Amino acid sequence: MLDVFLFHSLLKAVPAGARLILVGDADQLPPVGPGNVMRDLVSSDAVARMRLTYRFRNEGMIADAAHSILKGRVPEADGREFVFVECATDRQAIDTVVAEYKQRYKSGEDVQVIAPIKRGEVGTVSLNSIIRDEVNPKKEGKAELLFGDHLFRVGDRVMQIKNNYAKEWTNYEQLSAGEGVFNGDIGVIRNIRAGSVYVQFEDGKMCEYGAMELAELDGAFAYTIHKSQGSEFDTVIIPVMYAPNPFFTRNLLYTGVTRAKKQVVLVGSAYTLEYMVKNGGRRRKATSLSRELRYLSGAAHGHS
């Protein structure tokens with residue numbers, strides 16, 4: 001998730017003589033922004049590094065599955081921690097995802113649907129709308145607001161999709177106020193009144209969104225694996241129905257599986273699951289940090 005711009009700002013903020021220790025996972029997805037800092041640092045041979053390759057304790061089926069995926073092996077399902085539900089059609093996959101989510105959501109579990117792509121029959125846009133209508137249906141007296149083709153309804157889970165450092169918020173529980181709401185923050189719509197949407201985020205911040213700000217909100221009953229980076233949930237549900245898309249890769253699947261703490265539910269075709277596991281190719285990013293670090297390291301040691 002660390003792109004070159006953020007890494008540059010971080011290095012500028014570190015005082016001279018300090019030691020900087022980065023802890024991360026180069027096998028997860030590269031940042032959306034420019035660069036691929038963690039992978040370039042690891043591959044440059046110009047910085048001291050340690051890579052953990054051996055598991056010293058038994059961490060359960062999710063860890064086993066993640067390890068298998070990295071090795072290019074299709075993980076085995078145990079029906080408890082790691083579940084695979086095979087579906088023959090997109091419609092069957094959608095119905096299964098919705099049923100699995102609804103069962104856990106209604107019982108108060110910490111569950112999240114994360115998918116490889118946004119568009120398509122089993123993409124997050126479609127799934128978010130279908131799931132919302134199942135767990136937060138239209139009801140007389142429940143306020144709604146249509147913004148473009150996006151319907152907001154009281155009770156919806158929503159996500160802030162861009163950094164807004166000037167966004168004002170109030171935390172009524174802590175009797176505090178401030179500014180700043182950030183990409184990936186999750187909240188629930190508590191009220192819709194006079195053309196404004198009021199969202200309470202998980203950290204207690206309450207924000208008012210006027211018509212000009214609603215483009216910063218997206219549905220969060222289902223969102224992409226890319227957006228899930230840095231988060232974890234007790235249970236994740238991942239649809240794996242094939243679509244012609246460059247995102248169906250091993251590291252995308254690995255990233256999705258490792259978002260779960262207690263249970264992973266994969267819903268889709270065995271063919272697509274195997275395809276993703278075997279597809280070790282990554283989306284190509286033209287980066288030069290590794291090369292520049294090798295050059296600087298060689299110059300520092302007197303090499304031409």
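Note that the structure is predicted; figures quoted are calculated from it, not measured.
Annotation for Arg80 and Val83: closest pair O-CG2, 3.7 Å, computed over non-hydrogen atoms. Nearest heavy-atom pair, Leu151 versus Arg153, reported as atom, atom and distance to 0.1 Å: CD2-NH2, 3.6 Å. Nearest heavy atom pair, residue Ala220 against residue Ile186, reads CB-CD1, 3.9 Å. What you find for Ser126 and Gly120 is that their closest heavy atoms are CB-O, 3.7 Å. Counting all heavy atoms, side chain and backbone alike, Ala88 lies closest to Gln92 at N-OE1, 3.0 Å. Contact record, Thr224 with Thr124: N-CG2, 3.5 Å, taken as the closest heavy-atom pair.
At distances below 3.5 Å, at least one donor-acceptor pair connects side-chain atoms of Asn128 with backbone N or O atoms of Ala222. Between the side chain of Asp3 and the backbone N or O of Gly35 there is no donor-acceptor pair closer than 3.5 Å. With hydrogens and angles ignored, the 3.5 Å screen pairs no side-chain donor or acceptor of Asn191 with any backbone N or O of Val154. No donor-acceptor pair closer than 3.5 Å links the side chain of Ser129 to the backbone N or O of Val125. Under a 3.5 Å cut-off, the side chain of Glu81 and the backbone N or O of Met61 do form a donor-acceptor pair. Judged by distance alone, with hydrogens and angles left aside, the side-chain atoms of Arg49 form a donor-acceptor pair with the main-chain N or O of Val42 at under 3.5 Å. Of the possible polar contacts, one joining the Glu213 side chain to the Gly210 backbone as a donor-acceptor pair under 3.5 Å is found.
Side chains of His67 and Arg73 form a contact here, defined as non-hydrogen atoms less than 4.5 Å apart. Proximity of Lys262 to Ile62: side-chain heavy atoms (C-beta onward) are nowhere separated by under 4.5 Å. By the 4.5 Å heavy-atom criterion applied to side chains, Asp40 and Leu293 are not counted as neighbours. Counting heavy atoms from C-beta outward, Met276 and Lys278 have side chains that stay 4.5 Å or more apart. With a 4.5 Å cut-off on side-chain heavy atoms, Pro75 and Val277 count as touching.
Residues Ile161 and Val199 fall into different hydrophobic clusters, defined by Ile, Leu, Val, Met, Phe, Trp and Tyr side chains chained together at heavy-atom separations under 4.5 Å. Both Phe147 and Leu217 belong to a common hydrophobic cluster when Ile, Leu, Val, Met, Phe, Trp and Tyr are linked at side-chain heavy-atom distances under 4.5 angstrom. Linking Ile, Leu, Val, Met, Phe, Trp and Tyr residues whenever their side-chain heavy atoms come within less than 4.5 Å leaves Phe233 and Val111 in two separate clusters. Linking Ile, Leu, Val, Met, Phe, Trp and Tyr whenever their side-chain heavy atoms come within less than 4.5 Å puts Ile94 and Val265 in one cluster. Both Val37 and Leu11 belong to a single network of hydrophobic side chains, linked directly or stepwise wherever heavy atoms of I, L, V, M, F, W or Y lie under 4.5 Å apart.
Rounding to the nearest 0.5 Å gives a distance of 11.0 Å between CD of Gln112 and CD1 of Ile238. Rounding to the nearest 0.5 Å gives a distance of 9.0 Å between CG of Asn251 and CG of Leu70. Taking CD1 from Ile69 and CG from Leu273, the interatomic distance works out to 7.5 Å, rounded to the nearest 0.5 Å. Note that CG of Leu22 is 6.5 Å distant from CG of Leu41, once rounded to the nearest 0.5 Å. Between Asp78 atom CG and Asp64 atom CG the span is 9.0 Å, to the nearest 0.5 Å. In this structure, the separation between CD on Gln263 and CG on Asp234 is 10.0 Å, given to the nearest 0.5 Å.
Side-chain atoms of Ser269 and Thr272 form a donor-acceptor pair, as typed in the model, at a separation below 3.5 Å. Defined by atom type and a distance below 3.5 Å, a donor-acceptor pair is missing between the side-chain atoms of Thr287 and Asn36.
Remark: Glu168 CD is loosely packed, at most 12 non-hydrogen atoms of other residues, nucleotides or ligands lying under 6.0 Å away. The environment of Lys261 atom NZ is dense: over 12 non-hydrogen atoms of other residues, nucleotides or ligands sit within 6.0 angstrom. Counting non-hydrogen atoms of other residues, nucleotides and ligands closer than 6.0 Å to NZ of Lys167 gives a total above 12. Open room surrounds CD on Glu173; 12 or fewer heavy atoms of other groups in view lie less than 6.0 Å from it.
Note on residues 166-223: pairs passing ring-ring contact (aromatic ring centres under 6.0 Å, His included), not counting sequence neighbours, are Tyr165-Phe182.
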After noting the C-alpha distance and the side-chain angles of Tyr275 and Val240, does the key distance pass the side chain to side chain contact (heavy atoms under 4.5 Å, CB included) rule? CA-CA 10 Å; Tyr275 174 85; Val240 286; over 6 Å; no
Run the side chain to side chain contact (heavy atoms under 4.5 Å, CB included) check on Lys102 and Ile131 step by step: do they pass? CA-CA 8 Å; Lys102 188 176 180 180; Ile131 293 172; over 6 Å; no
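None of Glu144, Lys139, Glu140 except one satisfies the side-chain contact (heavy atoms from CB on, under 4.5 Å) rule with Lys142; the exception is Lys139. With respect to Val97, the side-chain contact (heavy atoms from CB on, under 4.5 Å) criterion is satisfied by exactly one of Val267, Val85, Ile130: Val267.
Remark: Thr255 engages Gln28, Leu29, Ile225, Gln229, Arg259 in a side chain to side chain contact (heavy atoms under 4.5 Å, CB included) (not counting sequence neighbours). Residues that satisfy the ring-ring contact (aromatic ring centres under 6.0 Å, His included) test with His150, not counting sequence neighbours, are Phe152.
Between Phe248 and Tyr242, the angle of the ring planes lies from 30° to 60°, which puts this pair in the tilted group.
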